[in-house]
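Every value quoted in this text rests on a predicted model; they were computed, and no experiment measured them. Hydrogens, waters and symmetry mates play no part in the numbers below; they use all other heavy atoms, side chains included.
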Amino acid sequence: MLENIFKYAIFLTAWGWAGFVVDRKGLRIFVLPEERKKDVLFRMRKELKCNNLFEDNKGWESLIKKVKEYFTGKKVDFIDYQLNLDNYTNFQRKVLQMVKKISYGETRSYKEAAEAAGYPRACRAVGNTMRYNPLPLIIPCHRVIKSDGGLGGFSGKEGIALKRKMIDLESKVK
DNA sequence: GTAAGACATATTG
DNA sequence: CAATATGTCTTAC
């Protein structure tokens, strides 16, 4: 099997250390801000199950800049970046592409996301897909909430606070 | 290859 | 609140 080369970048945002991994087909993993830089790297390794990681920002400076701007409360979008979704099922790809199109400040319920993806009753499956979302923020899974206005879930117990914080940030945009 | 259970849900009574 | 429908994944045979 071919060696897959992964490049990663880690950088400091207003909320902590964030980072992402790309391979030659596009974005692969995005890691939300952590307290420590090494935690970000640890998460990347865990997701990829691979040690073939090289630090290299080349060609991705604009993404780094946008992410930093995002966490300072600026309105940015990530729709121009190419994602590598090779490891996902058709259903997941559809849902993820869909969610990616939700623009800044908007929210959708799990049901609406399911409908838009062409599976009107797959609300639960959408939730499942979000759980494994490899690219939080780039794919704005934090903008997908429950129909009754509740937040739903987010990665981990602390993650839910981050979700709220992100929605908060977006609602206050100037 | 099949079957049962788990899910970041929604709808109905 | 409980029950159930729903699509996909994981795990275990």
Is A:Y110 side chain donor-acceptor paired with the B:dA8 base, going by distance under 3.5 Å alone?
yes
From [atom1] of [X] over to [atom2] of [N], roughly how many Å is that when rounded to an integer?
{"X": "A:Y132", "N": "B:dA6", "atom1": "OH", "atom2": "P", "result": "13 Å"}
{"X": "A:N128", "N": "B:dA10", "atom1": "CG", "atom2": "P", "result": "13 Å"}
{"X": "A:E115", "N": "C:dG7", "atom1": "CD", "atom2": "P", "result": "13 Å"}
{"X": "A:L96", "N": "B:dA8", "atom1": "CG", "atom2": "P", "result": "16 Å"}
{"X": "A:M130", "N": "C:dT8", "atom1": "CE", "atom2": "P", "result": "13 Å"}
{"X": "A:R108", "N": "B:dT9", "atom1": "CZ", "atom2": "P", "result": "18 Å"}
{"X": "A:F91", "N": "C:dG7", "atom1": "CZ", "atom2": "P", "result": "9 Å"}

Need to verify one output field. Residue with the more 5' nearest nucleotide on DNA chain B, A:K146 or A:A125?
A:A125
In terms of the nearest nucleotide of DNA chain B, which residue is placed more toward the 5' end: A:R124 or A:D148?
A:R124
Are A:K25 and A:D86 ion-paired here, with the side-chain N under 4.0 Å from a carboxylate O?
yes
Under-4.0 Å salt bridge between A:D39 and A:R43
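No.
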Donor + acceptor pair across side chains of A:S62, A:Y81 (<3.5 Å)
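Looking only at side-chain atoms, A:Y81 and A:S62 do form a donor-acceptor pair, the distance falling under 3.5 Å.
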Report the distance from atom CG of A:N57 to atom CG of A:L63, rounding to the nearest 0.5 Å.
10.0 Å
Give a yes or no answer on whether the side chain of A:E115 reaches the backbone of A:P120 with a donor-acceptor pair at less than 3.5 Å.
no
Under 3.5 Å, is there a donor-acceptor pair between the side chain of A:E47 and the main chain of A:M44?
no
At under 4.0 Å, does any side-chain N or O of [X] touch on OP1 or OP2 of [N]?
{"X": "A:Q92", "N": "C:dC9", "value": "yes"}
{"X": "A:K111", "N": "C:dT6", "value": "no"}
{"X": "A:T89", "N": "C:dC9", "value": "yes"}

Reckon A:R131 touches a base, only the sugar-phosphate, or nothing at all at heavy-atom distances under 4.0 Å?
base
A:Y119 or A:C123: which one's nearest nucleotide on DNA chain C is closer to the 5' end?
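Whichever sits nearer the 5' end wins; that is A:C123.
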The dot-bracket string of DNA chain B, counting Watson-Crick and G-U wobble pairs with both distances under 3.5 Å, using [ ] for crossing pairs and | for pairs to another strand, is |||||||.|||||
Is the distance between the ring centroids of A:F91 and A:Y119 under 6.0 Å?
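A:F91 vs A:Y119: aromatic centres under 6.0 Å.
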